[in-house]
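Read through the structure below, which is laid out as C-alpha cells, and then see the notes.
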Amino acid sequence: MSRDATIIIFDKYHGIRRMMLNCLYTLTDNILYSDNEDALRSIAKKHTVDLFVFNVYPDSPEAYLICRNLRFKSGTPAIFITPKQEPILKINAYKCGGDVVFSEDCDEDEFLAASERIIQKQQISPLREPVRGSLGCGRLIVNTESLSALVDGVSADLTTKEALILLFLMKRANQIVPGREIYESIWEDEYNPDSCVLRTHICNLKNKIGTDSTDDYDIVAVRGAGYSFVTT
C-alpha cells in the first residue's frame, strides 16, 4: 500500500485514542483533522481522500449526519469509532454509510488490519476520480457536485433522483444495497416494497447510462436482496 494515502478524522472533542492514531500513522503521514462539517468539507475538496474516520460521542450525533451527506457524493469509505459495543451505535453508523464500526476498546491489530485493507481497496478501486468532485467507471463519469453524468462525453440527462441513486450505488460498488435503504435515504419516506417507483427509476437509469452496451459496469437487481453497481 502506498504511504501517500490521505485520511480525514472527524473528532469533535479531539478524544480519539492514541492507539488508534498510532495505527493510522503507521499507514500514512497524511492525516488531517476536523471538528465541524464545514471544515471537513473544505479539507475534502482540497484533497483526494482515501478514508474518513468518524469518532462518535453519545451527545454528539453530528458524525452520522455528516457521513450520510458525504456518502451521497463520495465513494470514499468511512470507519466509525464508538465509545461502547452497543448494537444501536453500530446500526446508526451502518445506516448512514459507514463501512466498518469499531468500539474504542477494540483490538489494535484488528483495527490496523481493517484500516489498511480498506485503504488498499480504495486505492485500487475500479471507480476513479477523473477530476476532483467526480466518480468514473469505464466510459461513465458522474459529477458529484452538479449531480450530472456523462457517457462517452455526452450528457446522460439524469434526473436528480437518478443521479442520487447512481452515486448511492457507485459508492458501494460490487455490494448489494437493499432497495429499502436506497429509497428511504433518497426519498426520505417510508419504503413500500410493492411500489414500482424505485424499479422504474433504476430501469430508466440503466437505459440512460447504457448498461446494455458496455462491459465496464451494470446495475443488477438481486431478487429479494436489493441492487448492485457491478464493475468488471
Side-chain angles (χ1 to χ4, degrees), residues 1-16 20-21 23-57 60-82 92-102 111 114-137 140-150 160 163-173 175 177 185-186 229:
M1 187 189 78
S2 171
R3 281 192 56 83
D4 63 357
T6 298
I7 299 173
I8 296 181
I9 297 175
F10 177 82
D11 189 1
K12 184 174 181 180
Y13 299 125
H14 306 280
I16 188 170
M20 292 177 163
L21 277 179
C23 287
L24 296 175
Y25 272 113
T26 65
L27 303 177
T28 180
D29 295 322
N30 302 324
I31 298 180
L32 306 168
Y33 296 85
S34 171
D35 58 9
N36 65 81
E37 182 172 5
D38 289 340
L40 185 146
R41 288 185 177 279
S42 177
I43 294 170
K45 286 182 179 180
K46 298 175 182 176
H47 300 270
T48 299
V49 185
D50 296 288
L51 176 65
F52 287 109
V53 177
F54 293 94
N55 197 24
V56 179
Y57 297 89
S60 178
E62 296 100 316
Y64 297 120
L65 179 59
I66 293 171
C67 182
R68 180 179 177 183
N69 291 339
L70 282 171
R71 294 309 294 268
F72 270 131
K73 296 186 176 183
S74 171
T76 304
I79 288 177
F80 273 78
I81 301 170
T82 63
N92 288 339
Y94 287 129
K95 278 186 174 181
C96 71
D99 294 279
V100 182
V101 184
F102 289 99
F111 180 78
S115 301
E116 183 174 20
R117 180 57 183 151
I118 288 172
I119 293 174
Q120 286 175 335
K121 289 179 67 177
Q122 175 68 4
Q123 292 185 331
I124 64 173
S125 171
L127 298 182
R128 67 193 189 288
E129 190 176 23
V131 295
R132 197 172 303 283
S134 69
L135 282 178
C137 184
L140 172 67
I141 297 176
V142 185
N143 188 303
T144 61
E145 300 297 329
S146 64
L147 298 180
S148 59
L150 299 176
T160 299
L164 289 173
I165 292 170
L166 180 56
L167 286 171
F168 201 85
L169 293 173
M170 287 180 75
K171 69 182 176 63
R172 292 162 68 176
Q175 300 178 37
V177 185
S185 295
I186 293 174
F229 183 87

d(Cys67 SG, Leu40 CG) to nearest 0.5 Å is 10.0 Å
Ser146 and Ser148 have their tightest heavy-atom pair at OG-OG, 2.7 Å
Does Asp99 reach the main-chain N or O of Ala78 with its side chain, forming a donor-acceptor pair under 3.5 Å?
-> yes
Applying side chain to side chain contact (heavy atoms under 4.5 Å, CB included), name anything that partners Tyr33, two or more places apart in sequence or on another chain.
-> Ile9, Leu21, Tyr25, Ile31
Do Ile118 and Val100 come close enough that some side-chain heavy atom pair is under 4.5 Å?
-> yes
With no hydrogens and no angle check, is any side-chain donor or acceptor of Asp50 less than 3.5 Å from a backbone partner on Thr6?
-> yes
Could you give the distance from CE (Met170) to OG1 (Thr144), rounded to the nearest 0.5 Å?
-> 10.0 Å
Are the side chain of Arg68 and the backbone N or O of Ala63 linked by a donor-acceptor pair below 3.5 Å?
-> no
Shortest non-hydrogen separation from His47 to Ile43 and the atoms involved = CD2-O, 3.1 Å
Please report the closest heavy-atom contact between Val49 and Ala44, naming both atoms and the distance.
-> CG2-CA, 4.1 Å
Are any non-hydrogen side-chain atoms of Ile79 and Phe54 less than 4.5 angstrom apart?
-> no
Do Leu51 and Ile8 touch side chain to side chain, with heavy atoms closer than 4.5 Å?
-> no
Rounding to 0.5 Å, atoms CG (Leu167) and CD1 (Ile186) come to a distance of 8.5 Å
Counting N and O atoms only, with roles assigned by atom type, does the side chain of Asp11 sit under 3.5 Å from a partner on the main chain of Ile16, one being a donor and the other an acceptor?
-> yes
Between Tyr64 (side chain) and Gly97 (backbone), is there a donor-acceptor pair under 3.5 Å?
-> no
So Phe229 and Cys137, side chain to side chain contact (heavy atoms under 4.5 Å, CB included) or not? Walk me through it.
-> CA-CA 10 Å; Phe229 183 87; Cys137 184; 4.2 Å; yes
Flag, side chain of Ser115 to backbone of Phe111, donor-acceptor distance under 3.5 Å | yes
To the nearest 0.5 Å, atom NE2 of His14 lies from atom CG of Asn55 at 11.0 Å
Worked verdict on Tyr57 versus Tyr13 for ring pair (Phe, Tyr, Trp, His ring centres under 6.0 Å) = CA-CA 9 Å; Tyr57 297 89; Tyr13 299 125; 4.9 Å; yes
Derivation and outcome, side chain to side chain contact (heavy atoms under 4.5 Å, CB included), residues Leu166 and Val142 | CA-CA 9 Å; Leu166 180 56; Val142 185; 3.5 Å; yes
With Val177, which residues qualify under side chain to side chain contact (heavy atoms under 4.5 Å, CB included), at least two apart?
-> Phe168, Leu169, Arg172, Glu181, Ile182
Distance in Å, Ile7 CD1 paired with Asp29 CG, rounded so as to fall on 0.5 Å steps | 10.0 Å
Gln120 side, atom CD; Leu27 side, atom CG - distance, nearest 0.5 Å = 9.0 Å
With the side chain counted from C-beta on, respond yes when Val101 and Tyr94 share a heavy-atom pair under 4.5 Å apart, and no when they do not.
-> yes
Check whether any side-chain heavy atom of Leu24 sits under 4.5 Å from a side-chain heavy atom of Thr28, and report yes or no.
-> no
Are Phe80 and Phe102 near enough that their ring centres are under 6.0 Å apart?
-> no
Any side-chain heavy-atom pair from Glu37 and Glu62 closer than 4.5 angstrom?
-> no
